[in-house]
Amino acid sequence: MDERRESEATPTKNHTTLERKSDREVVVTRTVNAPARIVFEAWTKAELFRRWWVPKSYGQTLLSCEMDVRVGGQYRLVFPFEDSTMEFFGTYVEVTPHSRLVWTNDEGDAGKTITTVTFEEKGGKTLLVVHDVYPSAEAVDTGSTGALPEALDQLDELLASL
């Protein structure tokens, strides 16, 4: 199974590649215009993360963003949903500053999704590789990976402002 998509290219945007590696795995790859140290902070500091993570086209904002970024630490993201709220939460499994983050996504009824993000700096830019392993093939279709291209556009905008 090899499905590939790329975000629409414009002269100023970086390309995002979304590739389904197997029936349970999706990999998103993008180079962003900042050193790994700063990009890692954008993924691990709640005040920065909340500024880029939710795609603007969703018309939602984070009501709460709690991140205890250490091995065994937890995160919890709360969004408004209809007349209530919706939460995403999980546990950090690996935290290697400026190069690697691994966490679980525990909110699904079908099991945990494992997300691994690597940060590889090249010439002042950072190659991001986001690898999601879902608990089932069905869970891939309801996962949040598809929103990443737009969110990464927003990350680039944030990085340009820092």
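All residue numbers in this chain count up from 1 along the given sequence.
Looking only at distances, no side-chain donor or acceptor of T104 sits under 3.5 Å from a matching main-chain atom of G90. Side chain of E25 to main chain of V133: no donor-acceptor pair is present (N/O by atom type, distance under 3.5 Å, no hydrogens or angles).
Contacts of F79 classified as ring pair (Phe, Tyr, Trp, His ring centres under 6.0 Å), with partners at least two apart in sequence or in another chain: F88. Scanning for side-chain hydrogen bond (donor to acceptor under 3.5 Å, both in side chains) contacts around S57 gives E150, with sequence neighbours left out. Qualifying salt bridge (charged side-chain N to carboxylate O under 4.0 Å, His left out) partners for E47, counting only residues two or more places apart in sequence or in other chains: none. Qualifying salt bridge (charged side-chain N to carboxylate O under 4.0 Å, His left out) partners for R24, counting only residues two or more places apart in sequence or in other chains: none. By the side-chain hydrogen bond (donor to acceptor under 3.5 Å, both in side chains) test, Q154 is found to be paired with no residue, residues two or more places apart in sequence or in another chain being considered. Not counting sequence neighbours, the partners of K56 by the side-chain hydrogen bond (donor to acceptor under 3.5 Å, both in side chains) test are E157. For Y92, the ring pair (Phe, Tyr, Trp, His ring centres under 6.0 Å) partners at least two apart in sequence or on another chain are Y75. For R37, there are no salt bridge (charged side-chain N to carboxylate O under 4.0 Å, His left out) partners two or more places apart in sequence or in a different chain.
Nearest heavy-atom pair, W53 versus A151, reported as atom, atom and distance to 0.1 Å: O-CB, 3.4 Å. Scanning all heavy atoms of the two residues, the minimum distance from Y58 to V54 falls at CB-CG1, 4.5 Å. Closest of all the heavy-atom pairs between R51 and S161 is NH2-OG, 3.8 Å.
Note: T96 OG1 to F40 CZ = 7.5 Å, rounded to the nearest 0.5 Å. The OG1 atom of T16 sits 6.0 Å away from atom CG of D153, with the distance rounded to the nearest 0.5 Å. Put simply, CG on D156 and CG on N14 are 4.5 Å apart, with the number rounded to the nearest 0.5 Å. Separation of atoms CG (L48) and CG (L159) is listed at 9.0 Å; rounding is to 0.5 Å. Interatomic distance, T29 OG1 to H131 NE2, rounded to the nearest 0.5 Å: 10.0 Å.
Criterion: ILVMFWY side-chain heavy atoms under 4.5 Å apart, direct or through other members. Under it, W52 and L162 are part of a common hydrophobic cluster. V130 is not connected to V93 by any chain of hydrophobic side-chain contacts under 4.5 Å among Ile, Leu, Val, Met, Phe, Trp and Tyr, and they are in different clusters. There is no path of hydrophobic side-chain contacts, each under 4.5 Å, that joins V102 to V129.
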Only distances under 3.5 Å count here; give the side-chain donor-acceptor pairs of residues 64-72 to other protein atoms, sequence neighbours excluded, each with its distance to 0.1 Å.
unit_1, atom_1, unit_2, atom_2, d
D68, OD1, R70, NE, 3.1
D68, OD2, R70, NE, 3.0
D68, OD2, R70, NH2, 3.0

Listing, residues 114-124 side-chain donor-acceptor contacts under 3.5 Å, not counting sequence neighbours, or none:
unit_1, atom_1, unit_2, atom_2, d
T115, OG1, N105, ND2, 2.9
T115, OG1, D132, OD1, 2.5
E121, OE1, A36, N, 3.0

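Between Y134 and D23, the closest side-chain pair of non-hydrogen atoms is not below 4.5 Å. In this structure, T85 and P80 have side chains that are not in contact, with every pair of non-hydrogen atoms separated by 4.5 Å or more.
Residue L128 is tested with V32, L148, T31 for a side-chain contact (heavy atoms from CB on, under 4.5 Å); the sole match is V32.
Residue pairs meeting the salt bridge (charged side-chain N to carboxylate O under 4.0 Å, His left out) criterion with at least one member in residues 77-90, sequence neighbours excluded, are R76-E87.
Counting side-chain heavy-atom gaps under 4.5 Å among Ile, Leu, Val, Met, Phe, Trp and Tyr, the cluster of L63 also holds V78.
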Quiz item: Given V95 and W103, is the side-chain contact (heavy atoms from CB on, under 4.5 Å) satisfied, shown in steps?
Solution: CA-CA 9 Å; V95 178; W103 67 83; over 6 Å; no

